[in-house]
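Please read the structure below before turning to the comments.
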Number of protein chains: 2
Amino acid sequence: MTDFLPPIQTTARDDAVLKALAGFVRQEALGPGGKLPTERILAERLKVSRNTVREALTRWEGLGLVERRQGSGTYLKTAVSPDMLHMPLTLAGGNDFTGLMRTLEIRRALEAEAAALCAIRAGKAEIAGIERKLDIMEEAFRTRAGMSSEEDWEFHQAVYRASGNPLFEQIIAAMHELFHRFWEHPLGVRDFGHASFPYHRTIFDRIAARDPDGARAEALKLIATVEDDLKRGAANLKLLDRK
Amino acid sequence: MTDFLPPIQTTARDDAVLKALAGFVRQEALGPGGKLPTERILAERLKVSRNTVREALTRWEGLGLVERRQGSGTYLKTAVSPDMLHMPLTLAGGNDFTGLMRTLEIRRALEAEAAALCAIRAGKAEIAGIERKLDIMEEAFRTRAGMSSEEDWEFHQAVYRASGNPLFEQIIAAMHELFHRFWEHPLGVRDFGHASFPYHRTIFDRIAARDPDGARAEALKLIATVEDDLKRGAANLKLLDRK
DNA sequence: GTGGTTCAATGGTCCAACCAATTTCTGCAC
DNA sequence: GTGCAGAAATTGGTTGGACCATTGAACCAC
């Protein structure tokens with residue numbers, strides 16, 4: 001028998017402030033870029049200290065929801081709603097090889113699932129949109145001798161979106177930021193990412209053919225090539241890193 | 001050529017405090033559960049206001065790195081290092097049926113991958129630990145007529161940990177919070193979760209047998225049963241929800 | 001030992017003031 | 001009127017000090 005006794009909480013000022021603020025945002029239909037009331041006004045209206053307001057806003061700022069500009073005001077960076085769910089992820093030592101491999105393992109899991117779902121659920125228009133991104137990417141790949149990371153990313157995003165589940169895009173987008181630093185400094189591997197190129201079209205083909213398992217398989221192959229590149233880069237690096 | 005010119009920052013008190021604190025943690029070799037210096041002491045030592053210290057700690061608290069206990073002190077919840085990378089995710093609207101199904105799709109992708117990796121990488125001790133959790137859960141299931149959500153969760157956590165990639169646990173733990181609300185109010189489905197019960201042992205068997213594909217397959221079956229339960233619950237709910 | 005009581009330590013909140021960056025207003029030159 | 005420099009107001013950032021609420025340990029009576 002689990003007589004559930006949730007711990008009572010006599011104090012939750014910060015959360016109360018944030019809840020009120022989320023309500024305000026919805027009430028006023030504020031979107032990204034919208035300006036929040038001043039800290040002083042919030043403090044007065046909510047009958048709390050300005051200090052408490054600041055702690056609450058610091059929370060939102062840390063979550064990337066708002067941006068504070070001294071002398072100007074506090075602005076929304078994203079859409080906020082009262083029923084948001086936060087999952088702050090912390091990657092220890094995210095700069096090294098191990099951290100990258102770990103994010104790749106997550107990406108492998110999500111990418112495969114997203115591709116499969118996409119093959120099931122994508123509408124005709126979405127499939128056409130994905131193919132457009134693919135064409136753009138292939139064109140960029142040809143004309144710029146392999147430098148197509150931006151277009152590459154847009155292709156994948158289109159697939160995530162067509163999966164019908166926005167969580168895929170959100171999670172992978174967060175990790176993409178981390179990865180992006182490496183595309184700039186490809187670890188000494190000159191043709192980083194080249195090997196993955198052909199699989200973009202094979203993934204698309206399986207999606208267009210409504211073949212979930214095929215799409216999943218091709219996605220796995222793509223990630224595998226990236227992992228190989230990464231390992232090669234790590235091997236190169238190890239020759240230099242003698243400290 | 002990227003001549004790197006980091007923007008000068010006349011004000012970055014909070015970050016400076018956190019950097020100093022991260023250094024302190026490493027210096028003192030503080031692990032999870034470790035106790036940080038008092039806010040007053042930090043303020044004095046770092047020559048900043050206690051308020052500034054609090055804002056910095058609020059950031060870490062929001063990131064889930066520390067826990068503040070009034071009257072007691074501030075404690076580390078996870079390992080922190082100076083080179084951590086944060087990616088806070090906020091998911092909009094996760095409270096309804098659709099949101100739950102979406103988190104389940106993420107969980108399906110990650111659970112399968114984690115089980116497979118676990119079958120490859122888990123050590124003997126870790127496998128023994130998983131089996132212990134499994135035994136506890138099965139015992140709880142028998143004696144409490146199916147109410148074993150807490151033990152169930154611990155089993156899965158053990159699997160995630162043994163996958164060798166802490167990101168799995170972090171991501172799914174965040175989503176678990178959301179799910180937890182439903183275990184309390186099982187949507188009118190009296191035996192919510194019962195169907196998934198036998199698959200816990202089959203997953204473990206495949207892991208112990210070092211069979212990644214088998215483990216993945218069993219994990220997928222488990223998630224499928226949860227999805228079915230959820231759909232049944234939604235169907236029940238739809239009969240009532242006539243507004 | 002058990003169960004209260006006291007008391008110091010610690011996080012939580014509040015206030016009032018000032019600093020620093022930004023924006024807005026003002027007034028002068030043209 | 002226009003344009004622009006400087007003043008003034010606005011706003012987030014920081015400080016110091018005070019007090020409240022909770023915790024935990026020491027202490028005491030029984």
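To find a chain, count down the sequence lines: A is the first, B the second, and so on, and within it residues start at 1.
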Grab the [atom1]-[atom2] distance between [X] and [N] for me, whole Å please.
| X | N | atom1 | atom2 | answer |
| --- | --- | --- | --- | --- |
| B:Asn51 | D:dA18 | CG | P | 15 Å |
| A:Leu57 | D:dT11 | CG | P | 14 Å |
| A:Glu61 | D:dG13 | CD | C1' | 11 Å |
| B:Lys47 | D:dT15 | NZ | P | 12 Å |
| B:Glu55 | D:dG16 | CD | P | 15 Å |
| A:Glu44 | D:dG12 | CD | P | 14 Å |

With the side chain counted from C-beta on, respond yes when B:Thr58 and B:Arg68 share a heavy-atom pair under 4.5 Å apart, and no when they do not.
yes

Between the protein and nucleotides 4-11 of chain C, which nitrogen or oxygen pairs are less than 3.5 angstrom apart?
{"unit_1": "C:dT10", "atom_1": "O2", "unit_2": "B:Gly71", "atom_2": "N", "d": "3.1"}
{"unit_1": "C:dG11", "atom_1": "OP1", "unit_2": "B:Thr74", "atom_2": "N", "d": "3.4"}
{"unit_1": "C:dG11", "atom_1": "OP1", "unit_2": "B:Thr74", "atom_2": "OG1", "d": "3.3"}
{"unit_1": "C:dG11", "atom_1": "OP2", "unit_2": "B:Glu39", "atom_2": "N", "d": "3.1"}
{"unit_1": "C:dG11", "atom_1": "N7", "unit_2": "B:Arg40", "atom_2": "NH1", "d": "3.0"}
{"unit_1": "C:dG11", "atom_1": "O6", "unit_2": "B:Arg40", "atom_2": "NH2", "d": "3.2"}
{"unit_1": "C:dG11", "atom_1": "N2", "unit_2": "B:Gln70", "atom_2": "OE1", "d": "2.8"}

B:Arg69/B:Glu67 under salt bridge (charged side-chain N to carboxylate O under 4.0 Å, His left out): CA gap, chis, key distance, verdict:
CA-CA 6 Å; B:Arg69 289 206 284 271; B:Glu67 178 182 356; 3.6 Å; yes

Results of salt bridge (charged side-chain N to carboxylate O under 4.0 Å, His left out) for B:Glu44 - residues two or more places apart only
none

Going by the rule salt bridge (charged side-chain N to carboxylate O under 4.0 Å, His left out), which residues pair with B:Asp135 if we only count those two or more places apart in sequence or in a different chain?
B:Arg201

Backbone N/O of A:Arg102 and side chain of B:Asn165: donor-acceptor pair under 3.5 Å
yes

With a 4.0 Å heavy-atom cut-off, tell me which residues in residues 20-31 of chain B come close to DNA chain C, sorted by residue number.
none

Consider only side-chain N and O atoms of B:Gln170 and B:Tyr160, and report whether a donor and an acceptor are under 3.5 Å apart.
no

Could you tell me which residues satisfy ring pair (Phe, Tyr, Trp, His ring centres under 6.0 Å) with B:Tyr199, sequence neighbours excluded, listed by chain and number?
none

Return a table of donor-acceptor pairs under 3.5 angstrom between the side chains of residues 126-133 of chain B and protein atoms on other chains or two or more places apart.
{"unit_1": "B:Glu126", "atom_1": "OE1", "unit_2": "B:Gly123", "atom_2": "N", "d": "2.8"}
{"unit_1": "B:Lys133", "atom_1": "NZ", "unit_2": "B:Glu154", "atom_2": "OE1", "d": "3.0"}

